[in-house]
Amino acid sequence: MKADLVKLIQHALDDLSTQGVFSAEGMREPMVERTRDPAHGDFATNVALIHSKAAKIPPRELAEKILAALPDAPWLAHAEVAGPGFINFRLSADAHLTVVASILDQGEQFGRSNPAQRQKAHIEFVSANPTGPLHIGHGRGAAYGSAIANLLEAIGYDVYREYYVNDAGRQMNILATSIWLRYLELVGETVKFPTNAYKGDYIWDIAATLHREHGEDYRHPADQVHANLPADEPDGGNKEQHIDAFIERAQQLLGDSAYQTIFQLGRHVILADIRDDLARFRVNYENWYSEQGLFDSDAVTQTIERMRQENLLYLKEGNWWFRSTDYGDEKDRVVVRENGSPTYFASDIAYHLDKIERGFDRMINVWGADHHGYAPRVKAALKALNHDPKCLDVLLVQFAVLYENGEKKSMSTRSGEFITLRELRKDVGADAARFFYVMRKSEQHMDFDLDLARSQSNDNPVYYVQYAHARICAVLRQAKEKGYPTRITPGIQNLTRLTEPHESNLLKTLARYPETLHNAATQAEPHQLVHYLRELANELHTYYNAHQFLVTDEALRDARLKLILATRQVIKNGLALIGVEAPEKM
RNA sequence: GCGCCCAUAGCUCAGUUGGAUAGAGCGUUGGCCUCCGAAGCCAAAGGUCAGAGGUUCGAAUCCUCUUGGGCGCGCCA
């Protein structure tokens, strides 16, 4: 409808241009938007205001000329010049009604678009280190990333969701060592647990599994374990050096094979936990991509070699540096350390090159806001290797700060003091959690009020939208009990009976759904959809309170049932995109 | 010190990419169930859009500066 209006205005402008009234050269497509105030009609355009200067005609006068040149259209009831030079349009009554028929006809497809040429989009999100369970901070990335993926799919992308598993770094060695130490405690050794090791309860669980499966095979006396290690932080030493020495000691005493057994057990158990947790959160991936795999396949070495050959690297103080400043980064970055081991950045370059090679038109990375400084260097690497950095979008998600009983809760994976996503999900349910996470703009710092999310009360906005859906279902059950036909007649017949203001508001809001979906998807802002759904639910509730649907007048009843059925469909479609269920009863 | 993000009602947040009189929820106050689900509806009160300049027909929105907060500035991932 909006697009038709744009065409109409364009037509008028072209006419005026050929008449020599003013030059349409270099003009943008006219902008049409929905009016905020119903008194201004349904749509408005500001073309006259924008072009008045170039045309050397006062805005109102220009608007009159455009209006006069506007071709007739059956769906357009009225157009007029208003205010400083806006042109307001009012649609015919029938034009508003067609949306109901479209919704009922298209069902779950309503609002989705299917372009002739489908683009392939890769979206990487969550990608937390497999060193512990997901916590509440990861939840926001999961809900947000998954909503973006669904939205892009809805506007016609082929979407490929991927979790990048950072299973190659030092953190994983700390994990393996932490498990081994807890295991030693289980078998009766008295060890001193390092400051920097992982302290969460889940480490005990994995250690217990290790003990169950391997008995005392990996037991070494505590004094051997601790012999000649550099001091830990509380003893006046350095905690980083201490843990690194500890890792080396573990590898030394256990030997490669045993160490790998523990390492892989940890990786496997935690990854399985993350995978299960996300699946229950209705977040699923096409692929889980291992960073270690990039090393095993030599992709990292090949990437480094290629960069070296293309003279993108230089040697300084034993390290290989990438000249990222030449490509827009703040400073150069090390890709190979003095000891020959590649940095995380090196494998990340290899990873992004691999994404491009897999043939994606677009890449989207959802990162926590603390990684924002990292984006320029990845883009710099892409640019240096002759790829357009614009094919990569980095979407940053700000932290969610937890509040409980009005108090801020601190979180740290290392210390084990955190609320897991699983706990949250069990506590408030996947619906409320997902709804809450995407309710806010992603770049907005979010206060996650645990008490509110937990509450089963009307303070909780997710229920409000779900209730609208359930309420419509209840009306239909009632209709059946009363013996009214619930099979809805096709087409727009009877719909002309929808003349109440509440009804026309609802019709207009329903018609806005495809635009809302499109905007939310292209701008990566699922919160727009959430706000829309709240508004739609509000209009349904208002309508419900103002009018009876199951009236004896058959034509009117049919019309109203069609309207609420269409509303139910849109609520269901919208909720599905943010991963929230639309219950028939609550 | 440099860079990124943010600042809108008592609280939590929207604001259709520069449009017409800045909107919701919660909280506060008052009203609505002999009627399809009251997890609902209606109404009232509540604002110097952090501050100051600038850009123009028009600014919460764009530019500059100031103030106040979050984050980043490893050869950690």
Side-chain angles (χ1 to χ4, degrees), chain A residues 31 33-37 39-40 44-46 48-50 52-53 58-60 82-86 88 127-129 131 166 168-172 174 240 291 317-321 330-331 333-339 341-348 368-376 396 398-399 401 403 439-441 443-449 452 456-464 466-468 470-479 481-482 484 512 515-516 519 523 527-528 530-532 534-535 537-538 540-551 560 564 585-586:
Chain A
M31 222 168 72
E33 51 188 13
R34 287 185 185 273
T35 56
R36 208 174 300 210
D37 183 348
H40 298 142
T45 181
N46 58 0
L49 287 160
I50 287 176
S52 130
K53 200 169 217 178
R60 279 197 69 105
F86 292 102
N88 293 340
S127 298
N129 290 345
T131 52
N166 297 128
R170 172 169 171 262
Q171 304 301 328
M172 291 299 287
I174 297 180
E240 304 292 345
E291 181 190 6
E317 291 159 7
N319 303 304
W320 285 95
W321 296 72
E330 291 178 340
K331 50 178 90 166
R333 311 288 176 177
V334 171
V335 286
V336 185
R337 301 182 186 96
E338 201 171 353
N339 66 10
S341 66
T343 60
Y344 172 80
F345 181 40
S347 48
D348 219 18
D370 54 336
H371 283 58
H372 72 254
Y374 194 74
L396 298 173
Q398 292 289 340
F399 290 124
V401 182
Y403 283 84
M439 198 162 61
R440 307 281 180 241
K441 221 161 148 173
E443 63 260 36
Q444 187 73 251
H445 297 249
M446 183 174 103
D447 289 345
F448 197 115
D449 186 337
L452 179 61
Q456 298 274 328
S457 76
N458 51 355
D459 302 352
N460 205 333
V462 63
Y463 294 113
Y464 185 83
Q466 289 183 318
Y467 181 47
R471 204 170 210 184
I472 296 168
C473 294
V475 172
L476 289 168
R477 284 193 295 269
Q478 276 287 329
E481 270 176 39
K482 292 191 176 176
Y484 292 137
R512 238 173 56 211
E515 289 160 41
T516 306
N519 288 342
Q523 293 161 33
H527 77 274
Q528 288 189 23
V530 174
H531 283 271
Y532 168 86
R534 217 212 161 269
E535 196 181 326
N538 176 34
L540 186 276
H541 290 309
T542 304
Y543 181 36
Y544 180 94
N545 274 277
H547 298 284
Q548 189 80 14
F549 305 151
L550 300 176
V551 292
R560 288 184 170 170
I564 63 167
K585 283 182 187 174
M586 299 175 63

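Every value quoted in this text rests on a predicted model; they were computed, and no experiment measured them. Order of the sequence lines sets the chain letters (A, B, ...), proteins ahead of strands, with each chain counted from 1.
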- Note on the structure: Sorted by chain and residue number, the side-chain hydrogen bond (donor to acceptor under 3.5 Å, both in side chains) partners of A/R170 (sequence neighbours excluded) come out as A/E240, A/D244
- Message: If you compare every side-chain N and O of A/N538 against the phosphate oxygens of B/C41 (OP1, OP2), does one of them come in below 4.0 Å?
- Response: yes
- Task: For B/U17 versus B/G40, give the span between their P atoms, rounded off to a whole number of Å.
- Result: 31 Å
- Item | Within 45° cone of A/Y532 ring axis and under 6.0 Å: A/R512 NZ or CZ | no
- Taking syn as within 90° of 0 and anti otherwise, name the glycosidic form of B/U17. syn
- Query: Quick one: side chain to side chain contact (heavy atoms under 4.5 Å, CB included) partners of A/N166, sequence neighbours excluded?
  - Reply: A/N129, A/Y164, A/E291, A/Y344
- Task: With sequence neighbours excluded, tell me which residues meet side-chain hydrogen bond (donor to acceptor under 3.5 Å, both in side chains) with A/R440.
- Result: none
- Note on the structure: Per-residue pairing states of RNA chain B in dot-bracket (Watson-Crick or G-U under 3.5 Å; . unpaired, | other strand) read (((((.(..((((.....[...)))).(((((.......))))).....(((((..]....)))))).)))))....
- Atom C1', compared across B/A9 and B/G18: separation rounded to whole Å: 24 Å
- How long is the line joining NE2 of A/H40 and P of B/U16, in whole Å? 17 Å
- Is there a donor N/O on one and an acceptor N/O on the other, under 3.5 Å, for the side chain of A/R512 and the base of B/U16? no
- Note on the structure: Taken in chain and number order and not counting sequence neighbours, the residues that satisfy side chain to side chain contact (heavy atoms under 4.5 Å, CB included) with A/Q523 are A/N519, A/E525, A/Q528
- Message: Nearest whole Å is fine: how far is B/G19 C1' from A/D37 CG?
- Response: 12 Å
- A/Y543 meets the ring-ring contact (aromatic ring centres under 6.0 Å, His included) criterion, sequence neighbours left out, with A/H547, A/F549
- Query: Using the purine O4'-C1'-N9-C4 or pyrimidine O4'-C1'-N1-C2 torsion, is B/G74 syn (within 90° of 0) or anti?
  - Reply: syn
- Query: Got a sec, which residues hit side chain to side chain contact (heavy atoms under 4.5 Å, CB included) with A/R60, two or more places apart in sequence or on another chain?
  - Reply: A/V81
- Considering residues at least two apart in sequence or located in another chain, which fulfil the side chain to side chain contact (heavy atoms under 4.5 Å, CB included) criterion with A/Y467? A/R471, A/H541, A/M586
- Query: When you check every protein heavy atom under 4.0 Å of nucleotides 71-77 of chain B, what one-letter string (B, S, -) results, 5' to 3'?
  - Reply: BSS-BSB
Table of protein N/O atoms under 3.5 Å from nucleotides 35-38 of chain B N/O atoms:
residue	atom	partner	partner atom	Å
B/C35	O2'	A/Q548	OE1	3.4
B/C35	O2'	A/Q548	NE2	3.4
B/C36	O3'	A/Q478	NE2	3.4
B/C36	O2	A/F549	N	3.4
B/C36	O2	A/L550	N	3.2
B/C36	N3	A/F549	N	3.1
B/C36	N4	A/Y544	O	2.5
B/C36	N4	A/H547	O	2.4
B/G37	O2'	A/Y467	OH	2.4
B/G37	O2'	A/R471	NE	3.1
B/G37	O6	A/M586	N	3.4
B/A38	OP2	A/R471	NH2	2.5

- Task: Applying side-chain hydrogen bond (donor to acceptor under 3.5 Å, both in side chains), name anything that partners A/R477, two or more places apart in sequence or on another chain.
- Result: none
- Message: What's the gap between B/G3 and B/U29 when it is taken at their C1' atoms, as a whole Å value?
- Response: 48 Å
- Set of residues satisfying side-chain hydrogen bond (donor to acceptor under 3.5 Å, both in side chains) with respect to A/Y544, sequence neighbours excluded: none
